[in-house]
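These notes are about the structure you will find just below.
Heads up: numbering here begins at 1 and tracks the sequence. Being a predicted model, the structure only gives us computed values, none of them experimental.
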Amino acid sequence: MNGYSDEELPELNGYYGVVAQRAATQRRARRRKLVRLVGLRKAVTQQLKEGWSPEQIAGRLQFEGQTVRVNHETIYAYVYGPDGQSRELARYLPNRRKKRRPRHSHKPCGLVFPPDRSIHERPNYVDTREIFGEWEGDLMIFERAQEQMNVASLVERKTRFAVLFRNNDRSTTHLMNRLMGVKPLPQPARKSITFDRGIEFRNWRKLKPGIGTEAWFCDLQAPWQKGSVENLNKRARRYLPRDAPVAALSNRDMQSICDRLNGTPRKCLGWRTPTEAFREELVKLR
């Protein structure tokens with residue numbers, strides 16, 4: 001990594017201590033930019049909390065012609081470095097991991113989320129929202145004081161019907177068991193769920209044998225591909241801000257929030273409520 005390379009004089013290629021030290025110092029300086037520049041750090045941190053990926057943040061700075069910019073790799077290095085870890089910034093990334101996977105290591109992702117489960121392999125009719133029973137799922141994350149507490153959010157794409165439930169931890173086994181234990185629906189009402197590639201969803205293979213539901217996955221760093229549940233999360237944040245005392249919320253509290261969301265008329269449904277649209281679709285299945 002710190003070797004010297006010269007295309008015109010390849011015989012000089014090799015490792016030189018002074019050159020290596022200079023390269024290492026420059027890399028550290030780049031990574032420390034978010035430590036030294038308070039304004040830039042605050043802006044990047046705020047955008048991370050709003051759900052922007054490091055690529056989006058870096059790209060937007062370039063688009064706006066900002067004089068002070070930062071590379072997305074520098075943001076990742078900061079997030080997974082000591083300063084970012086102390087603030088638990090990694091939980092705001094679209095794909096949340098305790099540690100960053102090596103840049104060119106795609107094998108684990110391919111094994112956990114194989115290409116045939118890509119959103120691009122999902123049947124085209126799902127995009128049209130004409131077929132009932134196609135869902136999107138995500139996790140709503142809260143402030144550090146809430147520790148591992150989170151809220152799972154699900155939305156049916158055609159009717160915009162929402163389901164929210166609280167989780168005491170973020171383990172994939174716990175989440176998938178909770179998903180399969182949600183109030184039972186006829187199989188045609190739960191054909192598939194589209195997730196992002198967060199580690200919480202890596203046990204997706206349990207869904208098909210467990211409840212007959214297929215799983216699809218967005219591209220890396222592309223949460224907008226499951227826009228319905230992202231929109232639901234924004235609506236739900238009115239009642240579940242990041243500092244909400246999740247541990248104190250009962251099942252009745254969660255149901256009350258769902259009822260509010262599902263009882264609000266939606267323009268996209270011809271001013272019907274999601275509850276009304278959902279019930280109409282269930283009646284058709286009888």
Nearest-0.5 Å distance, [atom1] of residue [X] to [atom2] of residue [Y]:
X      : Y      : atom1 : atom2 : value
Leu179 : Trp204 : CG    : CH2   : 14.5 Å
Leu185 : Trp135 : CG    : CH2   : 6.0 Å
Ile193 : Trp216 : CD1   : CH2   : 13.0 Å
Thr213 : Gln187 : OG1   : CD    : 6.0 Å

Is it the case that the side chains of [Y] and [X] hold a donor-acceptor pair, with the cut-off being a distance below 3.5 Å and no angle test?
X      : Y      : result
Ser192 : Arg122 : no
Gln255 : Asp259 : yes
Asp138 : Ser153 : no
Asn231 : Ser228 : no

**Item:** Presence of salt bridge, Glu280 and Arg272, under 4.0 angstrom
**Value:**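 Salt bridge flag = yes for Glu280 with Arg272.
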
**Message:** I'd like to know if Glu121 pairs up with Arg117 as an ion pair, taking the criterion as any Lys NZ or Arg NE/NH1/NH2 lying under 4.0 Å from an Asp or Glu carboxylate oxygen.
**Reply:**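 The answer is no: the pair does not qualify as a salt bridge.
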
**Item:** Intermediate values then yes/no, side-chain contact (heavy atoms from CB on, under 4.5 Å), Leu139 and Asn167
**Value:** CA-CA 9 Å; Leu139 284 191; Asn167 292 305; 3.9 Å; yes

**Request:** Start with the C-alpha distance between Leu261 and Tyr239, add both sets of side-chain angles, then the distance that settles side-chain contact (heavy atoms from CB on, under 4.5 Å), and finish with yes or no.
**Result:** CA-CA 10 Å; Leu261 293 168; Tyr239 315 107; 3.9 Å; yes

